[in-house]
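Some notes on the structure that comes next.
FYI, the numbering just counts along the sequence from 1.
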Amino acid sequence: MAQISLVKGILLGGLIGASLSMLDNQTRKNSMYKMRNLKSSFTDFDSMSTSITDTSEKVKLTAEKVSSDVAFIMEKVEELKEVTPTIASIVKETKDAFTTGSSTHEEEYKPHGLTSSTQYLPQYTH
């Protein structure tokens, strides 16, 4: 019961406040002007339907663009999945070639006067 009385009190206070504000001439004119514009905007179904159609077209185009962007990204991810093992095997083969080849042919590639293999780039002779 207290909630119903509270709601009634709020509504009654709002009506009294609105009625008192209408005593001012400028407030009445502004309220009437706004009510007429509001009424015309609600009855202007052509502009509302055009606005809704334009908005729905924009949403549709945005969704299509996002969809194509996602498809492009997924395609690139699949390409990376295919390329990554190939690159990994090339890196492994290169690493194996340097690690196994350096112990057997180390003197062949080492320039004179250097003692560390990290101080130079290997020179291959054919």
Side-chain angles (χ1 to χ4, degrees):
M1 282 294 214
Q3 290 178 347
I4 294 175
S5 297
L6 177 65
V7 172
K8 284 182 181 178
I10 291 172
L11 290 175
L12 185 61
L15 286 173
I16 291 171
S19 299
L20 289 175
S21 68
M22 288 298 159
L23 293 177
D24 180 40
N25 189 28
Q26 188 64 31
T27 303
R28 281 194 308 268
K29 287 180 181 178
N30 285 339
S31 296
M32 292 302 290
Y33 176 75
K34 288 181 181 180
M35 291 299 270
R36 286 185 187 126
N37 286 339
L38 184 63
K39 180 183 175 186
S40 67
S41 66
F42 276 126
T43 57
D44 189 10
F45 293 114
D46 290 335
S47 71
M48 281 179 30
S49 67
T50 302
S51 175
I52 291 171
T53 304
D54 291 345
T55 304
S56 66
E57 283 296 318
K58 288 178 184 177
V59 168
K60 180 181 173 184
L61 290 174
T62 303
E64 288 174 356
K65 181 165 178 21
V66 167
S67 176
S68 68
D69 289 348
V70 168
F72 175 77
I73 290 171
M74 293 303 294
E75 179 182 327
K76 293 302 175 186
V77 166
E78 289 300 319
E79 286 178 17
L80 282 175
K81 284 181 183 177
E82 293 172 4
V83 171
T84 302
T86 306
I87 292 174
S89 68
I90 291 171
V91 169
K92 185 178 182 320
E93 289 173 6
T94 305
K95 178 186 168 215
D96 290 344
F98 279 111
T99 56
T100 59
S102 65
S103 63
T104 58
H105 303 289
E106 187 173 339
E107 293 303 319
E108 183 180 331
Y109 300 115
K110 188 180 255 185
H112 296 288
L114 296 176
T115 58
S116 173
S117 63
T118 59
Q119 296 175 348
Y120 68 94
L121 292 174
Q123 300 283 327
Y124 292 98
T125 58
H126 296 278

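With rounding to the nearest 0.5 angstrom, the CD atom of Glu57 is 10.5 Å from the OG1 atom of Thr62. Note: Asn30 CG to Ser21 OG = 11.0 Å, rounded to the nearest 0.5 Å.
Glu78 is linked by a salt bridge (charged side-chain N to carboxylate O under 4.0 Å, His left out) to Lys81, counting only residues two or more places apart in sequence or in another chain. By the side chain to side chain contact (heavy atoms under 4.5 Å, CB included) test, Lys76 pairs with Phe72, Glu79, sequence neighbours left out. Ser31 is linked by a side chain to side chain contact (heavy atoms under 4.5 Å, CB included) to Met22, Thr27, counting only residues two or more places apart in sequence or in another chain. Legend: residues meeting side chain to side chain contact (heavy atoms under 4.5 Å, CB included) with Leu11, ordered by chain and number and at least two apart, are Val7. Residues forming a side chain to side chain contact (heavy atoms under 4.5 Å, CB included) with Ile16 (at least two apart in sequence, or on another chain): Leu12, Leu20.
Grouping Ile, Leu, Val, Met, Phe, Trp and Tyr residues whose side-chain heavy atoms lie under 4.5 Å apart, directly or via other members, places Val66 in a hydrophobic cluster with Val70, Met74.
The cluster map of Ile, Leu, Val, Met, Phe, Trp and Tyr, joined by side-chain heavy atoms under 4.5 Å apart, puts Ile90 and Phe98 in different clusters.
Each salt bridge (Lys or Arg N to Asp or Glu O under 4.0 Å) pair with one or both residues in residues 58-71, not counting sequence neighbours, appears once here: Lys65-Asp69. Pairs passing the side-chain hydrogen bond (donor to acceptor under 3.5 Å, both in side chains) check and including a residue from residues 85-95, sequence neighbours excluded, read Lys92-Asp96. Residue pairs meeting the salt bridge (Lys or Arg N to Asp or Glu O under 4.0 Å) criterion with at least one member in residues 15-33: none, sequence neighbours excluded.
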